[in-house]
Amino acid sequence: MTRTMEWAARGDHMRGIPRKMVIMAVGAFAKAVANFLNTTRVHNADKLINLVRSRPPGVPLITVSNHMSTLDDPVMWGFKGFPISDSNLARWALAAEDICFKNPLLTYFFRTGKCIPITRGGGIYQEHMNEALERLSDGEWVFTSNALPLFDVMIGWFCCPVSTETLLHTFPEGKVSQEDAPIRRLKWGTASLIVRSPVTPIVLPIVHRGFEEVMPESFLFGRRPPFPLCNKSINIVIGEPMEFNLPKMTQMAISMSRNLHNPTRGWPVLSPSGLDEAAQRCLYTSISEQIHTSMESLRSLSKKLSGAKSLNSGQVEE
């Protein structure tokens with residue numbers, strides 16, 4: 001399978017100028033929405049900033065968060081002190097191919113903005129997931145999401161998840177949910193990237209509240225507003241890095257899968273661990289459940305903090 005306009009996503013494309021222009025423009029918009037049009041408070045911001053700016057050489061970063069609106073990304077990175085306009089530190093994102101890459105102009109825009117096209121329903125072993133793994137192999141930051149319908153090119157950016165070291169951010173719930181409800185069951189895409197990455201990534205959970213008010217799904221005639229709403233309160237809670245004992249979890253998955261007889265989808269056997277499809281399902285489920293538990297704890301903390309007038313020490317208020 002040919003990768004969609006992969007040349008535009010390269011850092012040396014036209015000396016990196018298109019990438020810098022796109023990321024700086026989107027970064028300026030995100031800061032305006034987060035800081036000037038609304039009030040944003042961030043708990044544990046230094047943890048994220050430090051991981052973005054300085055990690056052990058070659059170690060990738062995956063951030064995961066709930067998905068409250070089509071504005072979550074990039075506005076959640078627009079808080080004070082975060083280097084959102086630095087194209088070298090910007091995250092890579094997984095974006096819906098049928099939405100963000102449906103014509104050459106949009107494709108070029110999202111590709112220069114460090115987005116990787118993903119076919120929804122194409123499974124975790126589609127070709128562009130291998131591209132995401134390559135970015136993780138470079139030690140970068142990666143972010144995944146399923147995109148939603150666009151209003152225009154700039155609003156389209158908000159639908160997508162989007163480094164010297166690689167950074168990846170994902171919305172493991174897979175779609176927007178604006179209900180004040182527990183985190184939904186997570187998709188396996190994030191877990192598969194963690195397992196298949198040559199270097200085990202640092203995984204940082206994040207939960208936020210307030211974007212559902214800035215960009216409600218049903219506002220005018222059952223549709224989203226054409227522009228972000230103002231004078232809203234956004235609260236972002238950043239957790240602690242998660243560690244996964246993959247060798248031990250792999251052995252447990254192999255043991256648990258021996259008596260399973262679920263229908264198969266033809267997944268390849270993973271090397272060097274030799275995980276067959278049944279064992280992979282068990283392993284991906286276990287990892288996803290750990291991430292879910294962490295995110296649900298952050299959601300409870302977020303509810304407490306959102307009702308407070310100010311946040312505790314170590315948080316950034318804007």
Side-chain angles (χ1 to χ4, degrees), residues 44 47-48 50-52 54-67 91-94 123-125 129-145 161 163 165-174 182-207 237-258 260 267-301:
N44 205 22
K47 182 67 65 176
L48 172 63
N50 290 338
L51 286 174
V52 168
S54 60
R55 298 189 302 284
V59 177
L61 171 66
I62 294 180
T63 52
V64 297
S65 75
N66 58 324
H67 202 2
R91 77 270 176 270
W92 284 89
L94 305 186
I124 61 177
Y125 286 102
M129 287 292 280
N130 293 330
E131 183 179 347
L133 282 172
E134 291 172 7
R135 301 290 74 76
L136 289 174
S137 298
D138 295 335
E140 301 201 47
W141 171 23
V142 182
F143 171 98
T144 67
S145 164
S163 131
E165 304 296 341
T166 297
L167 306 151
L168 176 65
H169 183 82
T170 74
F171 291 122
E173 291 179 288
I183 302 294
R184 292 168 298 179
R185 184 184 71 83
L186 307 185
K187 306 292 185 180
W188 285 342
T190 301
S192 73
L193 289 174
I194 295 171
V195 172
R196 296 164 62 197
S197 176
V199 177
T200 302
I202 297 171
V203 179
L204 187 69
I206 302 172
V207 167
V237 179
I238 298 168
E240 295 297 321
M242 299 184 65
E243 297 183 0
F244 298 94
N245 188 338
L246 290 183
K248 180 178 180 180
M249 296 178 72
T250 297
Q251 292 304 313
M252 291 180 62
I254 293 174
S255 177
M256 293 172 58
S257 67
R258 286 173 180 158
L260 297 180
W267 290 358
V269 174
L270 294 185
S271 59
S273 59
L275 283 176
D276 59 16
E277 183 169 335
Q280 289 177 55
R281 289 172 179 268
C282 290
L283 181 56
Y284 297 160
T285 298
S286 178
I287 292 174
S288 296
E289 287 176 349
Q290 287 191 33
I291 297 174
H292 183 279
T293 298
S294 179
M295 292 178 65
E296 188 59 34
S297 296
L298 292 180
R299 190 183 76 89
S300 299
L301 177 59

Test item: H292 side-chain N/O and I183 main-chain N/O as donor-acceptor pair under 3.5 Å: yes
Neighbour count >12 (heavy atoms, 6.0 Å) for atom CE, M242: yes
Steps toward side chain to side chain contact (heavy atoms under 4.5 Å, CB included) verdict (W92, E134): CA-CA 11 Å; W92 284 89; E134 291 172 7; over 6 Å; no
Side-chain heavy atoms of W188 within contact of V195, under 4.5 Å: no
Expected output: side-chain R55 to main-chain L51 donor-acceptor under 3.5 Å: yes
CG-CD distance between L270 and E277, expressed to the nearest 0.5 angstrom: 10.5 Å
Any side-chain heavy-atom pair of V207 and E296 under 4.5 Å: no
T190 side chain reached by S288 side chain, heavy atoms, under 4.5 Å: no
CA sep, side-chain torsions, deciding dist, call: K47, L204, side chain to side chain contact (heavy atoms under 4.5 Å, CB included): CA-CA 9 Å; K47 182 67 65 176; L204 187 69; 4.1 Å; yes
Contact summary for L133 and S197, nearest pair of heavy atoms: CD2-N, 3.8 Å
Expected output: side-chain S54 to main-chain N50 donor-acceptor under 3.5 Å: yes
Approximate separation, where rounding is to 0.5 Å, of N66 CG and L186 CG: 10.5 Å
Exercise: identify the closest heavy-atom pair between S65 and M295: C-CE, 3.3 Å
Inter-residue atom distance L94.CG - R135.CZ, 0.5 Å rounding: 11.5 Å
Short side-chain to backbone donor-acceptor contact, S297 and T293, under 3.5 Å: yes
Gap between atom CG of N44 and atom CG of L301 - 0.5 Å precision: 9.5 Å
Candidates T250, L275, T285, V269 - the one meeting side chain to side chain contact (heavy atoms under 4.5 Å, CB included) with Q280: L275
Distance (rounded to the nearest 0.5 Å) between I62 CD1 and T200 OG1: 10.0 Å
Check: S286 side chain, C282 main-chain N or O, donor-acceptor pair, under 3.5 Å: no
Trace of the side chain to side chain contact (heavy atoms under 4.5 Å, CB included) decision for M256 with L283: CA-CA 9 Å; M256 293 172 58; L283 181 56; over 6 Å; no
Atom CE of M249 with >12 non-hydrogen neighbours under 6.0 angstrom: yes
Mutual orientation of the aromatic rings belonging to Y284 and W267 [parallel < 30°, tilted 30-60°, perpendicular > 60°]: tilted
Verdict with supporting geometry, L136 and I194, side chain to side chain contact (heavy atoms under 4.5 Å, CB included): CA-CA 9 Å; L136 289 174; I194 295 171; over 6 Å; no
Least distance between heavy atoms, L298 atom then I206 atom: CD1-N, 4.0 Å
